[in-house]
Amino acid sequence: MRVAAIVVAGGRGARIGGDVPKQFRRIGARTVLEHAVLPFARSERVTEVVVVLPPDPPEEAAAALRAIDPALRLAVGGARRQDSVAAGLSQVSAGADIVLVHDGARPFCSAALIARTVDAAAAWGAAVPALEASDTVKGVRRDGEALFVRATLPRDRVRLAQTPQAFRREVLAAAVALGQAGADATDEAGLAERAGHRVRVVAGEPGNIKITTPDDLTRAEARARSAAVPRIGLGYDSHRLAEGRALVLGGVVIPHPRGLVGHSDADAVCHAVTDALLGAAAAGDIGQHFPDTDPRWRGASSVELLARVAALVRGRGLAVGNVDVVVVAERPKLAPHVAAMRSALAAALGVDVGRVSVKAKTAEGLDAVGREEAVAVHAVALLVDRV
Ligand code: MG
């Protein structure tokens, strides 16, 4: 069974405030529309995705959507919702058996909801997910300026419709034809119903909200943040101390008669933080990314290598939550250099200095570090999803 999804985002409505239509407002790193498209692009049930954009979408919108699904097709929306759905349907391949229609302003549809509506449409021709009304529902009438209750509707006989709505292709085609002939409806199930088709109701999801007000956007941000799973990484490094080398720690050159020995500048702080980031991203280790057999990294500035790894981590959709470092060195006293190290690390990581901690310890004269033969560094990094 071939299943196409049309995500409708053709509206220009800026009811939410500001110049940007609500489907292009951001929830974290992605727009509302990108969030809306993601579950369909990732669904094993959906074989093709069509997104209907307004005639003048933001410049970067198409590229961002293609980054989610390179095979995704775009259509240009019309004045009414049903014109946009018709434009989307014209892009659906002829072999599609079931067509889903989803609001571009609903960012949190689940894979289970997609599967449920597809299965119901396959069995019944048309399906709509809906919620029970938890409040008492009143029918109203207007009398001049004032609104009056006309009737109290039995709550068990009403449902609040969501999307994705699913249709056998010919049922949606009939609904769209009715819309093109002038019938008006706020959803496709309404048109299918008027075209004489039975529409099966399946359970909707309370979390499958439609972004309508600025409050919805704030709640969506909080939800996306709380759904993200933080990732922790551990890093460790040590280098020998020797005469005739500069002592570089955390990207800062520290005045001292001896420095750390290594292929690069031997900045053990940057190396430990780099490994903590790579560990949190499960992306290997510093030796894999910058092998000491590669002449490119001879004498390399480790703080620059750290910046490269921070960019790699961002490219994987992760952001640095915080970094904590313990430097174990007998001498010199590092306390006067901690502020400079934090600044240099924060700059390389592209984060506020408040997210970077550096603490200095001595080894109390006990081991190789205590005998001033080496410096050792421990680091942890927390990465969070850029939602
Ligand atoms: Mg090292």
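One-based numbering, in listed order, for ligands and for the atoms of each. Only this structure's heavy atoms are used, side chains among them; waters, hydrogens and symmetry mates stay out.
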- Using the test side-chain hydrogen bond (donor to acceptor under 3.5 Å, both in side chains), find all partners of R331 that sit at least two apart in sequence or belong to another chain.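 Per chain and number, R331 pairs via side-chain hydrogen bond (donor to acceptor under 3.5 Å, both in side chains) with E372.
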- Query: Listed by chain and number, what are the side-chain hydrogen bond (donor to acceptor under 3.5 Å, both in side chains) partners of R80, not counting sequence neighbours?
  - Reply: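 Applying side-chain hydrogen bond (donor to acceptor under 3.5 Å, both in side chains) to R80 gives D83.
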- Measuring from the Mg ion (ligand 1), count protein N/O/S atoms under 2.8 Å, please.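 With waters ignored, the protein N/O/S count below 2.8 Å is 3.
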- Task: Spell out, as yes or no, whether a donor-acceptor pair under 3.5 Å connects the side chain of Q91 to the backbone of A75.
- Result: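 Answer holds: no.
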- Task: Kindly determine whether D237 and H271 satisfy side chain to side chain donor-acceptor pair (under 3.5 Å), including the steps that lead there.
- Result: CA-CA 6 Å; D237 197 26; H271 295 179; 3.0 Å; yes
- Task: Tell me, with the steps shown, if Q23 and D103 meet side chain to side chain donor-acceptor pair (under 3.5 Å).
- Result: CA-CA 9 Å; Q23 66 270 35; D103 293 328; over 6 Å; no
- Message: Taking side-chain contact (heavy atoms from CB on, under 4.5 Å) as the definition, give me every residue that meets it alongside V158, ordered by chain and number, with sequence neighbours left out.
- Response: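 side-chain contact (heavy atoms from CB on, under 4.5 Å) list for V158, sorted by chain: A133, V137, L153.
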